[in-house]
Structure formats: structure tokens, C-alpha cells
Colleague: 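Take this structure first; my questions come after.
A, B, ... follow the sequence lines: proteins, then strands. Residue 1 opens every chain. Below, all heavy atoms of this structure are taken into account, side chains as well, without hydrogens, waters or symmetry copies.
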Amino acid sequence: MEKEIQSKIHKQYPFDEIEPKWRRYWAENDIYKTNLSRDDDKLYCLTMFIYPSGDKMHIGHWYNYGVTDSWARFKKLKGYNVFEPMGYDAFGLPAENFALKTGVHPAVSTKQNIDYIRQQLSTIGAMFDWSKELSTTDPEYYRWTQWIFIKLFEKGLAYRKTAPVNWCESCKTVLANEQVIDGHCERCDNEIIHRDLTQWFFKITDYADRLLAGHEKLDWPAKTIAMQQNWIGRSEGCEIIFREISTNTDIPVFTTRADTVFGVTYMVLAPEHPLVREITTPERKKDVDEYITFARKQSEIERTSTVKEKTGEFTGAYAENPLNGEKIPIWIADYVLLGYGTGAVMAVPGHDQRDFEFARKFDLPVREVIKPKNGEPAGDLSEAFTEYGEMINSGDYNGLTSEEGQKGIARYLESINRGEAKVNYRLRDWLISRQRYWGVPIPIVHCLNCGEVPVNEGNLPVLLPETDDFRPAGDGSSPLAKISDFVNTSCPKCGGDAKRETDTMDTFVDSTWYHLRYLDPKYDSGPFNPDLVDRWMPVDRYVGGSEHAVTHLMFARFINMFFYDIGMVKFEEPYPSLRHQGIITHQGAKMSKSRGNVVIPDDYIKIYGSDTFRMYMMFMGDYSEGGDWDDSGINGIHRFLGRVWRILEPHVNTLSHKEFPDFNKETLEGLDKDLYIQLNKTVKKFEEDFEAQKYNTAISAVMELVNSMYKSYEAGTATDVFYFAVKKLIWLLAPIAPHFAEELYHLAGFTGSIFETRFPDYDKDATIGDVITMVVQVNGKLRASLDVEIDIDQQAFEVLAMDNPSVQRHLEGKSIIKKIFISNKLLNIVVK
RNA sequence: GCGAGAGUGGCGGAAUUGGCAGACGCGCCGGACUUAGGAUCCGGUCCCUCCGGGGGUGGGGGUUCAAGUCCCCCCUUUCGCACCA
């Protein structure tokens, strides 16, 4: 921001004195240090903790933390015992890449980042309970991350296998499926390739059905639930075991369309399928090998593109269809994925579009075995008929519907031991190994005699060793592999020579359980304090970005279910109530360092103050929608606070000892009555809007109230009702401009903090005025609007309406057909 | 390609169940105060108008006394998924 512009902006009130003063006061008096031993009316308000990547906190963070804090402040004023912690998800690549560039050790740069971000966070003026601050890089934290790994290992839920995995050549590490976005690395946007590596996985697939079932209990955005459902991708179908003829090997396939099994004209294996080598005939070997190399070389993007032409090779082998005994050729093609189902499919070109395209390209036969219900077979298909219908050309099954056929065929296959009904998932096990330095070491020792042995719990944490060489080898081993003091150890079981695991864990493991640790981050008898967890979990409100739908949010649910299963927690879902803040873009694009469009709030806070900035974010629009950052309106909010300051500051000094009568709308008159009614309407609307996170309209209601207070004040001397409104207004401002309200509260002579008081009740009777504006329409067009007493009856209103010259003009010479009267709204006169 | 959401003034955005379209704010115009306005307070601001009115919520059709809101078709756009057998 230009200096020149800065100097032009008029400081509306002394926020630069007020804001630091009250932040200091809140900290010194432990106003936001939550009494966790008190669990009545508890409200655990959690925002996703910050990932200190070396960048400053930007507008998006503020939008999450600042606005959610306002919601939490409102809840605190409504009597809840609010716990609002903050911490740092500080392991990960950015610190390490920074180290590679500058030579500054990640531990050092991370500490610097955290110190800077802590300072930035403090300017929000949020109710963070800093006594519960934590960082995932603290050995006392990751000790327990390792402990959780060992518990999973003991239950068989952490295991190592060799598999083709996502490899980012730029980050020189593997990635989980969840971290691959459109074939590119989530972090650096580099294209992903596949490599066969031995890696650690968490067996999240065991929890697939429970993760799905749990959705029913969740108060989450429907879209987020849908994303998880799609990601898990449960699919009901049938496994059918074909037999390769020359080697007599079973090849199971998964299909959702067992009813089309008579239409199978060939079979396709994924190029990486282990059986390919065994079944390929010598004369086909050369072509098949070439194709496998070709397929493996392709990037994820090329490989999964739906628009490219089908490719494949014939293996020379044949399989037998267990239903009709037919001999069909076995092909390999990259449109079949090793990772899904059995990595092999039965091809039904007549009823699957992909198979159809493949068959046309390679001149394989197409057979029609399903015809439309109440329709005729197409004869010559121009595309696959993929809908359900009636079975034809299917032996004994002819005439059955697809649904009946699927059941019948599954039963038959089971009876001859060649298949059964089966459920498949798209979800894969969670790959948690990373070949990077700045992460939690996996607490496993490899012993020649005993195999994989977990480190004794008493020897945790396995500390991340010191080194100056963070460069990953790029051969699939981590920088830790080069540190012989770290690698060479003895087996915890047999005491013999052994080597440590050198991979570190995905940072998403760190964040699966931080909400539990927050309650007692110094607890040292376990990962979390079970007593406090019983009292305070689950989280009552969780707010963060929707980009974590199938990563953090799913992983945390999985780990929590695991805790539940081993009796560590009493609830299955850690975050029953979730909301997302919208994304704040800038210049039409998502903020990112590479685009150079990141907006840092610090300058705005210097010029306008933290309260103005917070309110502007809330006022910008719908919270869940976000929007494009445009600072042209921020001065309007600043001006509004100035306006409030100028009408409150001169009038508050007597408030703390001022006695107000019990106002009643019946005994008030004129502007006093109007103001009193508007005040109560505003309090009511403010509460309702805040509950619904409609912050923009809550603020606009307060603006309207202030406008009326100006009118009321200018119209005469300050009345009791005016002073009453002045007082209530301080509380309406408290959640949205906390420093500002605290100052006025003290100027009014009150002591303590306003956040230890209660939000005002409203007078229900006074939320409705007794005069209302009703409209008169003729043929649906507005002809008059009349101020009338509330609940006026049709007859009385018609008399007034007919008396109106504008209405009369439009009735002249017409005959009235009917009249529609909606109480307190309108009268519509239909004429001809 | 499939699925979900969105489309309202110059701009951000408001509009319970269908019932005054454009709240509130920005910007702009005018007035007051003033040496001054970049501060403040007040007023105006959807478009057209012969001042009677007429038109208007992406486009087209429909239901209704009444449609931003409901139904059908189309366009644009955001997000998610995308060879998952």
C-alpha cells in the first residue's frame, strides 16, 4: 500500500491506542484462559491450525480465524464456556525447501516462522487460549504421533508393501493419492509419475464402510460429505473368476454388471498386473513388454485421460468364461487400473462404452446381451447400451431383468465356487511414508532376525537427528538414510544389529489428533488427557477450508474411529459440526506466492485497526461463499466505527450507574417508540443471523440501528431510550469489534471485561411495531402503499384502499373480479 | 462428459412460506459546516418517461391474482469428480 494513500485515510477513532491496550489486558487477566474443569455449557470452537510455511499469515487465514472468533465471542456472551486454541502444523516441505535454498536449519526457520505468525495471530485479538498452544514439531508432541503409529502397527493397521506409488520428482518424495490433484503434486504442481517402492500405509480401507455410515450423524456441508462419499467410492457388484487356459490360473474380475457376462468377448488386464508375465505367449512377449514400458512411462495425466484413444496389446493367452465356457482372448490395456478391483476386467463392448471403443479399435466382436425393457435389440450397436434392461442371448437367463440376472448369476457363481457378490471401494490405503527430512520419524527398526520391530514406547520419541544435509537422494530414500548414527541401532526385541526406518510421516498424520492434545498439551502419560477429552470432546464447532474434505477431515475421522475401537475415546466422530469459510481470491485467482497475488493483512491493520478489518471481512458477503478481495469498501466500515464512536463516546460515561425504567412499547411514543422497537428488532436479528453465520446482514442491521440513533438524537435531546440504545449497542458491537466494545464498556464505567458479561435479551413484544406498511395492487401492480395498524382486517383495509386516488384511478370503468388479501402484507384487486 | 451450486444497479451484496426487488455498504451527485475537504452531518442515486405511467433480477417459454423465488428448455460461470469396470 502506498504511503501517499495511507496519509489520506482519516483515523476515525484511536484504535491504535485502544487495540494493544485491551489485548494486553485480556492476556494479563487470563480472560480467555478457559477453565477446562468446568464442562457445563462447554463449547470447543476449533479452527484448523496454521501451517507455517514461511509465508506470512494472509487474508484467508484471517477470514477463518477472525470471523470464527467473532462467532465464538457471541457464544461466550450467550453464556458458553468457550475454548478456542491455536497451534502450528509445522512439519513439512516448505521449511525444508527453505533450508535447501538458504542453509538455515528447518528447526530454526520454523521457530522464526512461528514467532512471526504468533505475533500476527495476536493482532486478530482472538480469544485464543495461549496456555494451550502446541506445535506438531515439538518432540513432546511427535512422541505421541509415533506412539499412535505403533498402536496402529500393533493392530495390523500400519503395514509396509511394495506398490506403484505417486512420485513427485521435484519434491523427491512419494505422495498419498489424496495429495495428487489432477495428476499433479498438491504442493509444487509438478506432474506425478509412478514408481514401485516399498512404503508404509495406514489401512484406512478397513474403515471405509464406517466412514460412510458416520456421515449420517454429521452436521457438515452436504458437498463435503458428497466429496468423501465419492472418494471412498463404494460400489456393489460381483467378483467373477475366469480361468486362464494354458496355465490354468484363476483370474478374478470385479464387475457391477454381472448381468452382461454372456456378452464378454475378451478380457483386459492392467499392464502392471503380475499375471501378465506368466501368461504372455513367447511370440507376443516383445510387443507386450514394449507396451508395458510405454504405459509405465506415461504421466498420471496422460494415463487417465478420458479423451485419448484406447491402446493395448494382445497377450496371446485365452481365458474361459465360467458362465458359458467360452474361450476369450486376454489383452492388456492402460484403461484398466491395477489399483482398482482386481486389476482385471471382463470386457463387454456391447454394454460398456470403454470396452466398446477398445473393441472397435482392435476389431474385437461386440455382442448384444441386454435389450431395453419394452424395446427391441438394436442389432448393430453404434455405441454401448449401458442402461439396465432385459437379458437376451444369455442362455437360461434370457428374459430376466438386469437386476434379477445380477442376483441369479452371483448365486450361481457362488454355488460353483467361481465368484460371489462383492463390494469394492475406490478408496486406497493411506500412503504415509515420505522421503523427506522435516517430519516425524517412523518409529520402526528393521532387524534381520525379527523383521519390522516397533521402538519400545519408553524410548519414544525417536528424535529427528541433526544434520546439515537435507537433500533427498531421489532414489526413494530419505535424507535420514545418510545419517549412519541414526540408521544403525540395535533391535528392541533381540538386541542384534538393526537399522532404523528412515522415512518420515506425512504431515497429515500429525493433524489427525491435535484437537485432543490441545486440551492438555503438556500431558505426558499418553497422547492426551483422557479425563479432559471425555469432558470436552467432541469439538462443538470446527471451521476450516473445504480443500481438506478428503484429506485431513477424512484422515482425522479414521484415526478417531481407531481411538474409539481401542477404547481411548468414547465418540466416533471428532468433528460433528463443520463449517467452511469461503475462499478469498485476489484479482480473480486463488492467492499464491507464484502468482504474486497474496494479500497480507498487516498493512490494513496498521491503517484501519484490527476491528475494522475483521468487520470488513464479515461484511464482504456470505461467509461460506468467500469472494474476490477488494479493499475499496473497507473505509466504509472504518467510517461506520467512527460514526459509532462519535455517537457513543460522548454519551457513555454515565451508563454504568444509570438506572433504566422497564420500557414498554405501549407507553412509549414517537421516535422513542420507534427507536425502542428497532433496537429490539436488531438484537433479535443479530442473534438469528449470527447463529446462521450471516454476518453481513447482522452488521447491516446494526448499521441501520446506528442510522436511526443519529436521526433520533438529531431530532431532540438524548432521551432515556436513546441512552438505553447506546448501552445495548456496546454489546452488539462486542462480537464484531471486540477491542472497540471493550473500550466503550470501560469508558461507561464498567469494570472487568465485557466478555465476562451476558449479551442483552430483547423485549419480544417490541420486536414488532404496531404500524405496518401494506400495499395495494391492482392486477398485481403496485398502486399504493399505506401505513396501517398491525393486524388490520380486510374490510377496514379495503375502505382505506378504495379511498386512495391512485387506486381509484386504476379501478375506474373496470369491474372487480376478485380481491386477494394477505394479512399485514397486501391487497390485490383483480379487475377487468 | 457426469454431479452440485451460482447468475440481481457502476461495484460488494440484501430480499421467512411465492406477496413493496435493490436493505446495508462502496462509488457517484447535491446541500450544510468550512480558509480548505481528503473530515463530519443531511439528502439523492435501477433504467426510460410526455410525470399519467412504462420496463426491469442471464435468455426463452410456462404455472399463478401475484415469480428473483416454483416448473420446462437454453446460455454463462464456479466448484467437485472424471477410463473406478
Colleague: Looking only at atom C1', what distance separates G60(B) and C41(B), rounded to whole Å?
Modeller: 49 Å
Colleague: Classify the side chain of K825(A) and the base of C20(B) as holding, or not holding, a donor-acceptor pair under 3.5 Å.
Modeller: no
Colleague: Decide if the gap between the ring center of Y713(A) and the ring center of H651(A) is smaller than 6.0 angstrom.
Modeller: yes
Colleague: Using atom OH of Y13(A) as one end and atom C1' of A39(B) as the other, report the distance to the nearest whole Å.
Modeller: 17 Å
Colleague: When the ring centroid of Y608(A) is compared with that of F613(A), is the distance short of 6.0 Å?
Modeller: no
Colleague: Can you tell me how far the CE atom of M227(A) sits from the CE atom of M554(A), to the nearest 0.5 Å?
Modeller: 10.0 Å
Colleague: Below 30° counts as parallel, above 60° as perpendicular, anything between as tilted: where do the rings of H638(A) and F15(A) land?
Modeller: perpendicular
Colleague: Distance between the P atoms of C79(B) and G31(B), in whole angstroms?
Modeller: 46 Å
Colleague: On a whole-Å scale, what distance lies between the C1' atoms belonging to A23(B) and G9(B)?
Modeller: 13 Å
Colleague: Indicate whether OP1 or OP2 belonging to G19(B) is found under 4.0 Å from a side-chain N or O atom of N828(A).
Modeller: no
Colleague: Do the side chains of D16(A) and K606(A) get close enough for a salt bridge, i.e. N-O under 4.0 angstrom?
Modeller: no
Colleague: Reading RNA chain B from 5' onward, which residue's closest nucleotide shows up sooner: T256(A) or N230(A)?
Modeller: N230(A)
Colleague: Both H810(A) and I699(A) contact RNA chain B. Which one's nearest nucleotide lies toward the 5' end?
Modeller: I699(A)
Colleague: May I have the distance from Q228(A) (atom CD) to C79(B) (atom P), rounded to whole angstrom?
Modeller: 20 Å
Colleague: Provide, to the nearest angstrom, the distance between the CZ atom belonging to F619(A) and the P atom belonging to A14(B).
Modeller: 10 Å
Colleague: Measure the distance from CG on L826(A) to P on A67(B) and round it to the nearest whole Å.
Modeller: 12 Å
Colleague: For the P atoms, the ones on C70(B) and on A4(B), what distance do you get once it is rounded to whole angstrom?
Modeller: 15 Å
Colleague: Which whole number of Å gives the distance between the C1' atom of C29(B) and that of G10(B)?
Modeller: 13 Å
Colleague: When the C1' atoms of A39(B) and C47(B) are compared, how many Å lie between them, rounded to an integer?
Modeller: 34 Å
Colleague: Taking atom P in both C26(B) and A21(B), compute the distance separating them and give it to the nearest angstrom.
Modeller: 25 Å
Colleague: Does S632(A) place a side-chain N or O at less than 4.0 Å from the phosphate oxygens OP1/OP2 of C11(B)?
Modeller: no
Colleague: C41(B) phosphate, OP1 or OP2: any side-chain N/O from Y710(A) under 4.0 angstrom?
Modeller: yes
Colleague: Take atom CD of E714(A) and atom C1' of C41(B), then tell me their distance rounded to the nearest Å.
Modeller: 6 Å
Colleague: Expressed in angstrom and rounded to an integer, what is the separation of H10(A) atom NE2 from A36(B) atom P?
Modeller: 18 Å
Colleague: Could you tell me the separation between the OH atom of Y713(A) and the P atom of C42(B), rounded to a whole number of Å?
Modeller: 13 Å
Colleague: Looking at R643(A), I'd like to know whether one of its side-chain N or O atoms comes within less than 4.0 Å of OP1 or OP2 on G25(B).
Modeller: no
Colleague: Answer with base, sugar-phosphate or nothing: what part of the nucleic acid does V336(A) contact at a heavy-atom distance below 4.0 Å?
Modeller: base
Colleague: If you check every side-chain atom of S700(A), which of C24(B), G19(B), A85(B) has the closest atom?
Modeller: C24(B)
Colleague: Indicate syn or anti for G38(B), taking the glycosidic torsion and treating anything within 90° of 0 as syn.
Modeller: anti
Colleague: Do you see a donor-acceptor pair shorter than 3.5 Å between the side chains of Q406(A) and D259(A)?
Modeller: yes
Colleague: What is the separation between atom CD1 on I584(A) and atom P on G12(B), rounded to the nearest whole Å?
Modeller: 14 Å
Colleague: Report yes if at least one side-chain N or O of R639(A) is closer than 4.0 Å to OP1 or OP2 of C41(B); otherwise report no.
Modeller: no
